[in-house]
Amino acid sequence: MSLQLGDIAPNFTAVSTKGDIRFHNYIDGYWCILFSHPADFTPVCTTELGVTAKLHEEFDKRKVKVIALSVDSLEHHIKWIDDIELTQKVIVDFPIIADEDRSVATLYDMIHPNALQTLTVRCLYIIGPDKRIRLTLNYPASTGRNFNEILRVVESLQLTDQYQVATPANWQPSEDVIVVTSLSNEEARLKFPKGLHIVRPYLRYTPQPNLDH
Ligand code: BEZ
């Protein structure tokens, strides 16, 4: 059975460009983004890893560790990092797992043989500091992911963990959020002193509370 939201992200050991990884030790109370790409020295993957590297400060600010994976060898990864750094003009500071025996890819259901026979698809997990899976995503090889969207989800998860709110469709950080329906209007006014805008009894907005990262 595939991994589902709320499951504990399975532990593993792996070889990476930053040394051996014991995944649960790597998470170490941080948020974690574990993501696969199909292959090194391919165009879309090069841009994805470049963009991820450029978001380094944004991930740091939110206490997020990033770790990439493909079934290429460590030697390939190391050579490819040089290329990513040259072409994308960025330092790749996160580990890339060399999953040559496909053990992590199999554990995390990253190979979808009817889409891409032996390579990993663009699979991504957001994992919380408690090691529980909070988001799963699978994109085809031909479509690069939007890592600003991944950051937006992290921001929403951190906010909704901290406050009794949810984020509406297309929400962007700093925009109004939805108050959960389990709070009465009186409770909501106390908890959200910035104000309560009642559209329907089940649809109530408040300005975004401040987020402690
Ligand atoms: C790419 O990154 O461009 C790519 C990788 C594998 C298959 C197709 C495209």
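Counting starts at 1 for both ligands and their atoms, following the listed order.
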### Query
Any chance the side chains of His77 and Asp40 put a donor and an acceptor closer than 3.5 Å?
yes
### Query
Quick one: salt bridge (charged side-chain N to carboxylate O under 4.0 Å, His left out) pairs with a partner in residues 6-31, sequence neighbours left out?
none
### Residue pairs involving residues 121-138 (criterion salt bridge (charged side-chain N to carboxylate O under 4.0 Å, His left out); sequence neighbours excluded)
Glu48-Arg122, Arg134-Asp161
Which protein N or O atoms sit under 3.5 Å from any N or O of ligand 1? Give each pair with its distance.
unit_1   : atom_1 : unit_2 : atom_2 : d
ligand 1 : 2 (O)  : Thr42  : OG1    : 3.0
ligand 1 : 2 (O)  : Val44  : N      : 3.1
ligand 1 : 2 (O)  : Cys45  : N      : 2.9
ligand 1 : 2 (O)  : Arg122 : NH2    : 3.0
ligand 1 : 3 (O)  : Pro43  : N      : 3.4
ligand 1 : 3 (O)  : Val44  : N      : 2.8

### Task
Return yes if some donor-acceptor pair links the side-chain N/O of Lys54 with the main-chain N/O of Gln88 below 3.5 Å, else return no.
yes
### Task
May I have all residue pairs that pass salt bridge (charged side-chain N to carboxylate O under 4.0 Å, His left out) and include part of residues 58-73, sequence neighbours excluded?
Glu58-Lys61, Glu58-Arg62, Arg62-Glu155
### Task
Give me the ring orientation class for Trp80 and Phe41: parallel if the planes are under 30° apart, tilted from 30 to 60°, perpendicular past 60°.
tilted
